[in-house]
Amino acid sequence: MSQLSKKPSKQESKQSLNQPEPSQQSSPKSVGQFIKHEWILLLVAIQFLTRLPVPPFKNYNPQWLHQSSRHFPAVGLLVGLLCAGVFWLGSVLFTPLVAAVLSTVFGIKLTGAFHEDGLADSCDGLGGGLTRERTLTIMKDSRLGTYGVLGLVSALLLKISLLATMPLSVAIVALIIGHTASRLLCISLLALLPYGGQIEHAKAKPMAQQLTALQGLFSSGWLLVAGVLVMVIFPNAIQQISIDQWLLALILALVATEYMRRLLRRRLDGYTGDGLGATQQLSEVAIYAGLAAAIPFL
(Lines give C-alpha, C1' and ligand atoms only; values in the text may rest on other atoms or scores of the structure.)
Protein backbone atom coordinates (compact mmCIF):
# COMPACT_ATOMS: atom_id res chain seq x y z
CA MET A 1 0.00 0.00 0.00
CA SER A 2 2.86 2.29 -0.59
CA GLN A 3 0.81 4.58 -2.82
CA LEU A 4 -0.02 6.55 0.30
CA SER A 5 3.54 7.73 0.66
CA LYS A 6 5.41 7.40 -2.64
CA LYS A 7 5.88 5.46 -5.88
CA PRO A 8 4.62 7.77 -8.62
CA SER A 9 5.09 4.96 -11.12
CA LYS A 10 2.23 3.10 -9.49
CA GLN A 11 0.31 6.28 -8.95
CA GLU A 12 0.47 7.26 -12.59
CA SER A 13 -1.75 4.32 -13.49
CA LYS A 14 -4.31 5.53 -10.94
CA GLN A 15 -4.50 9.22 -11.82
CA SER A 16 -8.28 9.15 -12.07
CA LEU A 17 -8.45 8.30 -8.38
CA ASN A 18 -6.85 11.55 -7.30
CA GLN A 19 -8.64 14.08 -9.45
CA PRO A 20 -10.44 16.45 -7.09
CA GLU A 21 -14.15 16.94 -7.48
CA PRO A 22 -15.84 19.83 -5.72
CA SER A 23 -19.19 18.15 -5.34
CA GLN A 24 -19.66 15.74 -2.44
CA GLN A 25 -21.42 12.42 -2.56
CA SER A 26 -24.83 12.74 -0.94
CA SER A 27 -25.92 10.18 1.59
CA PRO A 28 -27.76 7.24 0.03
CA LYS A 29 -31.50 7.78 0.40
CA SER A 30 -32.68 4.34 -0.62
CA VAL A 31 -31.55 0.74 -0.74
CA GLY A 32 -30.91 1.08 -4.46
CA GLN A 33 -28.76 4.16 -4.01
CA PHE A 34 -26.89 2.49 -1.15
CA ILE A 35 -26.10 -0.57 -3.28
CA LYS A 36 -25.02 1.61 -6.19
CA HIS A 37 -22.75 3.68 -3.96
CA GLU A 38 -21.13 0.60 -2.40
CA TRP A 39 -20.64 -0.90 -5.86
CA ILE A 40 -18.81 2.25 -6.93
CA LEU A 41 -16.63 2.05 -3.82
CA LEU A 42 -15.85 -1.58 -4.59
CA LEU A 43 -14.74 -0.62 -8.09
CA VAL A 44 -12.57 2.17 -6.62
CA ALA A 45 -10.96 -0.38 -4.29
CA ILE A 46 -10.34 -2.77 -7.19
CA GLN A 47 -8.73 -0.01 -9.25
CA PHE A 48 -6.62 1.15 -6.33
CA LEU A 49 -5.31 -2.28 -5.29
CA THR A 50 -5.08 -4.15 -8.59
CA ARG A 51 -4.45 -3.71 -12.28
CA LEU A 52 -7.85 -5.06 -13.25
CA PRO A 53 -9.76 -2.74 -15.61
CA VAL A 54 -12.85 -1.03 -14.22
CA PRO A 55 -15.38 1.31 -15.85
CA PRO A 56 -14.52 5.03 -15.72
CA PHE A 57 -16.07 7.06 -12.90
CA LYS A 58 -18.28 10.09 -13.41
CA ASN A 59 -18.06 13.02 -10.98
CA TYR A 60 -15.35 11.30 -8.98
CA ASN A 61 -15.21 12.25 -5.29
CA PRO A 62 -11.75 11.96 -3.66
CA GLN A 63 -13.37 10.76 -0.44
CA TRP A 64 -14.48 7.60 -2.23
CA LEU A 65 -10.91 6.34 -1.91
CA HIS A 66 -11.05 6.50 1.88
CA GLN A 67 -14.55 5.02 1.97
CA SER A 68 -13.49 2.21 -0.37
CA SER A 69 -11.08 0.87 2.25
CA ARG A 70 -13.95 -1.11 3.76
CA HIS A 71 -14.00 -3.14 0.56
CA PHE A 72 -10.29 -3.98 0.57
CA PRO A 73 -11.03 -7.48 1.96
CA ALA A 74 -13.42 -7.97 -0.98
CA VAL A 75 -10.55 -7.22 -3.34
CA GLY A 76 -8.52 -9.76 -1.37
CA LEU A 77 -11.28 -12.30 -1.88
CA LEU A 78 -11.23 -11.63 -5.62
CA VAL A 79 -7.43 -11.88 -5.80
CA GLY A 80 -7.50 -15.04 -3.68
CA LEU A 81 -10.04 -16.70 -5.95
CA LEU A 82 -8.03 -15.89 -9.07
CA CYS A 83 -4.75 -17.04 -7.49
CA ALA A 84 -6.46 -20.22 -6.30
CA GLY A 85 -7.58 -20.90 -9.86
CA VAL A 86 -4.03 -20.49 -11.11
CA PHE A 87 -2.76 -22.77 -8.33
CA TRP A 88 -5.29 -25.46 -9.29
CA LEU A 89 -4.37 -25.27 -12.97
CA GLY A 90 -0.67 -25.29 -12.16
CA SER A 91 -1.07 -28.35 -9.95
CA VAL A 92 -2.86 -30.19 -12.75
CA LEU A 93 -0.08 -29.47 -15.23
CA PHE A 94 2.97 -29.39 -12.98
CA THR A 95 4.15 -30.09 -9.44
CA PRO A 96 2.80 -28.35 -6.30
CA LEU A 97 5.99 -26.29 -6.09
CA VAL A 98 5.55 -24.97 -9.63
CA ALA A 99 1.88 -24.32 -8.92
CA ALA A 100 2.82 -22.30 -5.84
CA VAL A 101 5.33 -20.25 -7.83
CA LEU A 102 2.83 -19.61 -10.63
CA SER A 103 0.04 -18.52 -8.29
CA THR A 104 2.40 -16.23 -6.36
CA VAL A 105 3.76 -14.63 -9.53
CA PHE A 106 0.23 -14.25 -10.86
CA GLY A 107 -0.84 -12.49 -7.66
CA ILE A 108 2.10 -10.11 -7.92
CA LYS A 109 1.23 -9.33 -11.53
CA LEU A 110 -2.44 -8.90 -10.66
CA THR A 111 -1.75 -6.35 -7.92
CA GLY A 112 1.28 -4.72 -9.50
CA ALA A 113 3.37 -5.84 -6.50
CA PHE A 114 1.39 -3.29 -4.50
CA HIS A 115 1.80 -4.84 -1.05
CA GLU A 116 5.19 -6.39 -1.79
CA ASP A 117 6.46 -2.90 -2.56
CA GLY A 118 5.23 -1.73 0.83
CA LEU A 119 6.97 -4.63 2.55
CA ALA A 120 10.29 -3.92 0.84
CA ASP A 121 10.13 -0.19 1.58
CA SER A 122 9.18 -0.85 5.21
CA CYS A 123 12.11 -3.22 5.65
CA ASP A 124 14.48 -0.64 4.20
CA GLY A 125 13.09 2.27 6.19
CA LEU A 126 12.57 0.55 9.52
CA GLY A 127 15.81 -1.38 9.16
CA GLY A 128 18.03 1.50 8.08
CA GLY A 129 16.43 4.59 9.60
CA LEU A 130 17.40 5.64 13.11
CA THR A 131 14.97 8.57 13.34
CA ARG A 132 11.36 9.02 12.20
CA GLU A 133 12.35 11.58 9.58
CA ARG A 134 15.16 9.42 8.21
CA THR A 135 12.91 6.35 8.15
CA LEU A 136 10.24 8.17 6.14
CA THR A 137 12.86 9.49 3.74
CA ILE A 138 14.19 5.99 3.09
CA MET A 139 10.68 4.63 2.61
CA LYS A 140 10.01 7.27 -0.06
CA ASP A 141 13.20 6.39 -1.92
CA SER A 142 12.46 4.40 -5.08
CA ARG A 143 15.71 2.48 -4.75
CA LEU A 144 15.69 -0.94 -3.07
CA GLY A 145 18.17 -1.63 -0.30
CA THR A 146 19.56 -4.74 1.37
CA TYR A 147 16.87 -4.90 4.04
CA GLY A 148 14.16 -4.59 1.41
CA VAL A 149 15.62 -7.34 -0.77
CA LEU A 150 16.03 -9.71 2.16
CA GLY A 151 12.55 -9.03 3.50
CA LEU A 152 10.88 -9.43 0.12
CA VAL A 153 12.76 -12.60 -0.83
CA SER A 154 12.09 -14.14 2.59
CA ALA A 155 8.35 -13.45 2.32
CA LEU A 156 8.14 -14.89 -1.20
CA LEU A 157 10.11 -18.02 -0.26
CA LEU A 158 7.89 -18.60 2.76
CA LYS A 159 4.70 -18.17 0.74
CA ILE A 160 5.79 -20.54 -1.99
CA SER A 161 7.21 -23.21 0.31
CA LEU A 162 4.18 -23.17 2.64
CA LEU A 163 1.66 -23.41 -0.20
CA ALA A 164 3.66 -26.18 -1.87
CA THR A 165 3.51 -28.34 1.28
CA MET A 166 -0.29 -28.19 1.53
CA PRO A 167 -2.71 -30.61 -0.13
CA LEU A 168 -4.26 -29.06 -3.23
CA SER A 169 -7.68 -28.32 -1.74
CA VAL A 170 -6.16 -26.93 1.47
CA ALA A 171 -3.85 -24.63 -0.51
CA ILE A 172 -6.84 -23.30 -2.45
CA VAL A 173 -8.71 -22.55 0.77
CA ALA A 174 -5.56 -20.98 2.25
CA LEU A 175 -5.19 -18.64 -0.73
CA ILE A 176 -8.81 -17.49 -0.56
CA ILE A 177 -8.87 -16.97 3.21
CA GLY A 178 -5.29 -15.69 3.37
CA HIS A 179 -5.76 -12.93 0.81
CA THR A 180 -9.09 -11.86 2.32
CA ALA A 181 -8.15 -11.96 6.01
CA SER A 182 -4.75 -10.32 5.53
CA ARG A 183 -6.33 -7.29 3.90
CA LEU A 184 -8.86 -7.06 6.72
CA LEU A 185 -6.04 -7.15 9.28
CA CYS A 186 -4.13 -4.63 7.18
CA ILE A 187 -6.89 -2.01 7.24
CA SER A 188 -7.47 -2.62 10.95
CA LEU A 189 -4.45 -0.37 11.45
CA LEU A 190 -6.46 2.45 9.87
CA ALA A 191 -8.72 2.24 12.93
CA LEU A 192 -6.02 1.54 15.52
CA LEU A 193 -3.44 4.13 14.49
CA PRO A 194 -3.32 7.72 13.24
CA TYR A 195 -1.57 8.51 9.99
CA GLY A 196 2.16 8.61 10.70
CA GLY A 197 3.57 9.78 7.39
CA GLN A 198 4.06 13.26 6.03
CA ILE A 199 0.58 14.23 4.89
CA GLU A 200 1.87 16.91 2.52
CA HIS A 201 3.76 14.21 0.60
CA ALA A 202 1.02 11.59 0.62
CA LYS A 203 0.08 10.56 -2.91
CA ALA A 204 -3.43 9.52 -1.85
CA LYS A 205 -4.40 12.02 0.84
CA PRO A 206 -7.98 10.74 1.23
CA MET A 207 -6.53 7.44 2.46
CA ALA A 208 -4.56 9.21 5.20
CA GLN A 209 -7.57 9.04 7.50
CA GLN A 210 -8.65 6.70 10.27
CA LEU A 211 -11.21 3.98 9.71
CA THR A 212 -14.41 4.19 11.73
CA ALA A 213 -15.71 1.29 13.81
CA LEU A 214 -18.71 0.95 11.50
CA GLN A 215 -16.48 0.72 8.43
CA GLY A 216 -14.35 -1.88 10.18
CA LEU A 217 -17.43 -3.95 11.00
CA PHE A 218 -18.57 -3.66 7.40
CA SER A 219 -15.17 -4.88 6.22
CA SER A 220 -15.26 -7.98 8.41
CA GLY A 221 -18.38 -9.06 6.56
CA TRP A 222 -16.24 -9.86 3.53
CA LEU A 223 -14.24 -12.37 5.55
CA LEU A 224 -17.52 -13.99 6.54
CA VAL A 225 -18.46 -14.16 2.86
CA ALA A 226 -15.12 -15.83 2.10
CA GLY A 227 -15.63 -18.34 4.91
CA VAL A 228 -19.10 -19.30 3.73
CA LEU A 229 -17.84 -19.56 0.17
CA VAL A 230 -15.07 -22.03 0.98
CA MET A 231 -17.37 -24.08 3.22
CA VAL A 232 -19.91 -24.43 0.43
CA ILE A 233 -17.48 -25.04 -2.45
CA PHE A 234 -14.68 -26.91 -0.63
CA PRO A 235 -16.28 -28.81 2.28
CA ASN A 236 -13.73 -31.63 2.06
CA ALA A 237 -10.84 -29.17 2.31
CA ILE A 238 -12.35 -27.62 5.41
CA GLN A 239 -12.46 -31.07 7.01
CA GLN A 240 -8.76 -31.56 6.29
CA ILE A 241 -7.87 -28.47 8.30
CA SER A 242 -8.02 -29.05 12.04
CA ILE A 243 -9.35 -26.59 14.57
CA ASP A 244 -5.81 -26.34 15.95
CA GLN A 245 -4.50 -25.22 12.56
CA TRP A 246 -7.24 -22.59 12.21
CA LEU A 247 -6.50 -21.32 15.71
CA LEU A 248 -2.76 -21.23 15.03
CA ALA A 249 -3.34 -19.33 11.79
CA LEU A 250 -5.53 -16.82 13.64
CA ILE A 251 -3.05 -16.38 16.47
CA LEU A 252 -0.06 -15.97 14.17
CA ALA A 253 -1.91 -13.47 11.98
CA LEU A 254 -2.98 -11.42 15.00
CA VAL A 255 0.55 -11.52 16.40
CA ALA A 256 1.97 -10.32 13.08
CA THR A 257 -0.56 -7.49 12.92
CA GLU A 258 0.02 -6.47 16.53
CA TYR A 259 3.77 -6.53 15.94
CA MET A 260 3.39 -4.15 13.02
CA ARG A 261 1.01 -1.93 14.99
CA ARG A 262 3.49 -1.58 17.84
CA LEU A 263 6.43 -1.10 15.49
CA LEU A 264 4.73 1.60 13.43
CA ARG A 265 3.46 3.33 16.55
CA ARG A 266 6.90 3.37 18.13
CA ARG A 267 8.93 4.28 15.06
CA LEU A 268 6.56 6.47 13.02
CA ASP A 269 3.81 7.51 15.44
CA GLY A 270 1.25 5.82 13.18
CA TYR A 271 0.65 3.92 9.97
CA THR A 272 1.93 4.68 6.49
CA GLY A 273 1.00 3.15 3.16
CA ASP A 274 4.18 1.10 3.16
CA GLY A 275 3.44 -0.08 6.69
CA LEU A 276 -0.02 -1.24 5.66
CA GLY A 277 1.48 -3.19 2.76
CA ALA A 278 4.00 -4.84 5.08
CA THR A 279 1.22 -5.75 7.50
CA GLN A 280 -0.75 -7.43 4.72
CA GLN A 281 2.25 -9.45 3.62
CA LEU A 282 3.24 -10.57 7.12
CA SER A 283 -0.28 -11.56 8.11
CA GLU A 284 -0.77 -13.47 4.84
CA VAL A 285 2.41 -15.48 5.47
CA ALA A 286 1.30 -16.06 9.06
CA ILE A 287 -2.04 -17.50 7.92
CA TYR A 288 -0.30 -19.88 5.50
CA ALA A 289 2.10 -20.93 8.25
CA GLY A 290 -0.74 -21.77 10.62
CA LEU A 291 -2.69 -23.76 8.02
CA ALA A 292 0.40 -25.64 6.85
CA ALA A 293 1.71 -26.45 10.34
CA ALA A 294 1.72 -29.94 11.78
CA ILE A 295 0.77 -29.72 15.47
CA PRO A 296 1.54 -33.11 17.05
CA PHE A 297 1.65 -31.72 20.58
CA LEU A 298 -1.99 -30.55 20.56
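Note: hydrogens, waters and symmetry copies are ignored here, and every other heavy atom, side chains too, is used.
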Starting from the C-alpha separation in whole Å, work towards a yes-or-no answer on side-chain contact (heavy atoms from CB on, under 4.5 Å) for E284 and H179. CA-CA 6 Å; E284 182 185 346; H179 279 282; 3.5 Å; yes

Hey, mind stepping through K36 and Q33 against side-chain contact (heavy atoms from CB on, under 4.5 Å) and telling me if it holds? CA-CA 5 Å; K36 180 180 179 181; Q33 289 176 319; 5.6 Å; no

Can you check side-chain contact (heavy atoms from CB on, under 4.5 Å) on I108 and L156, steps first, answer last? CA-CA 10 Å; I108 292 173; L156 293 176; 3.8 Å; yes

Please lay out, stage by stage, how W246 and L291 fare under the test side-chain contact (heavy atoms from CB on, under 4.5 Å). CA-CA 6 Å; W246 282 116; L291 296 180; 3.7 Å; yes

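Both L93 and I172 belong to a single network of hydrophobic side chains, linked directly or stepwise wherever heavy atoms of I, L, V, M, F, W or Y lie under 4.5 Å apart. Cluster membership check: I187 does not share its hydrophobic cluster with L119, using side-chain heavy-atom separations under 4.5 Å among Ile, Leu, Val, Met, Phe, Trp and Tyr. Note on V44: it clusters hydrophobically with F72, by side-chain heavy-atom contacts below 4.5 Å among ILVMFWY residues. In the hydrophobic cluster analysis, where Ile, Leu, Val, Met, Phe, Trp and Tyr join through side-chain heavy atoms closer than 4.5 angstrom, I233 is grouped together with I238. When the side chains of ILVMFWY residues are joined at heavy-atom separations under 4.5 Å, either directly or via intervening members, L247 and L184 end up in two distinct hydrophobic clusters.
Side-chain atoms of T279 and R261, non-hydrogen and from C-beta on, never get closer than 4.5 Å to each other. A heavy-atom distance below 4.5 Å is not found between the side chains of L102 and F106. With contacts defined as side-chain heavy-atom distances shorter than 4.5 Å, the pair L254/L185 qualifies. Residues T50 and F114 fail the side-chain proximity criterion, which asks for heavy atoms closer than 4.5 Å. The shortest distance between side-chain heavy atoms of L189 and T257 falls below 4.5 Å. Between H37 and Q67 the shortest side-chain heavy-atom distance falls below 4.5 Å. Looking at D141 and D124, their side chains never come closer than 4.5 Å, going by heavy atoms from C-beta outward. Residues V173 and Q240 have side chains not in contact (no heavy-atom distance under 4.5 Å, counting atoms from C-beta outward).
Interatomic distance, CG of L282 versus CE of M260, reported as 6.0 Å (0.5 Å rounding). Interatomic distance, CG of L229 versus CG of L223, reported as 11.5 Å (0.5 Å rounding). Going from atom CG of L130 over to atom OG1 of T135 covers 7.5 Å, rounded to the nearest 0.5 Å. In this structure, Y271 OH and L192 CG are separated by 11.5 Å, a value rounded to the nearest 0.5 Å. Between the CG atom in L175 and the NZ atom in K159 there is a gap of 9.5 Å [rounded to 0.5 Å]. Atom NZ of K140 and atom CG of D121 lie 11.0 Å apart (nearest 0.5 Å).
Contact between D274 and S122 at its shortest, heavy atoms only, is O-OG, 2.9 Å. Closest non-hydrogen pair, P55 versus L43, comes out as CD-CD1, 4.1 Å. Shown here for A226 and L77, the closest heavy-atom pair between the two residues is CB-CD1, 3.8 Å. Nearest heavy-atom pair across I241 and Q245 is CA-OE1, 3.4 Å. Taking both residues in full, the closest heavy atoms of G151 and C123 are given as CA-SG, 3.9 Å, listed atom of the first, atom of the second, then distance. Closest of all the heavy-atom pairs between I176 and V230 is CG2-CG1, 3.8 Å.
Put simply, the side chain of Q281 never gets that close to the backbone of A278: no donor and acceptor are under 3.5 Å apart. A donor-acceptor pair under 3.5 Å links the side-chain atoms of S283 to the main chain of Q280, judged by distance alone. Remark: the backbone N or O of G178 is not paired with any side-chain donor or acceptor of R183 at under 3.5 angstrom.
Taking a cutoff of 4.0 Å between a charged side-chain nitrogen and a carboxylate oxygen, E258 and R265 do not qualify as a salt bridge.
Using bins of under 30°, 30° to 60° and over 60° for the plane-to-plane angle, the ring pair Y60/W64 lands in the perpendicular bin.
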Throw together a table of side-chain donor-acceptor distances under 3.5 angstrom for residues 78-92, partners on residues two or more places apart or in other chains.
{"residue": "S91", "atom": "OG", "partner": "F87", "partner atom": "O", "Å": "3.3"}
{"residue": "S91", "atom": "OG", "partner": "W88", "partner atom": "O", "Å": "2.7"}

For residues 160-168, which side-chain N or O atoms pair as donor and acceptor with protein atoms under 3.5 Å away, sequence neighbours left out?
{"residue": "S161", "atom": "OG", "partner": "L157", "partner atom": "O", "Å": "2.7"}
{"residue": "S161", "atom": "OG", "partner": "L158", "partner atom": "O", "Å": "3.2"}
{"residue": "T165", "atom": "OG1", "partner": "L162", "partner atom": "O", "Å": "2.7"}

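Applying the salt bridge (charged side-chain N to carboxylate O under 4.0 Å, His left out) rule to pairs touching residues 52-79 yields E38-R70, sequence neighbours excluded.
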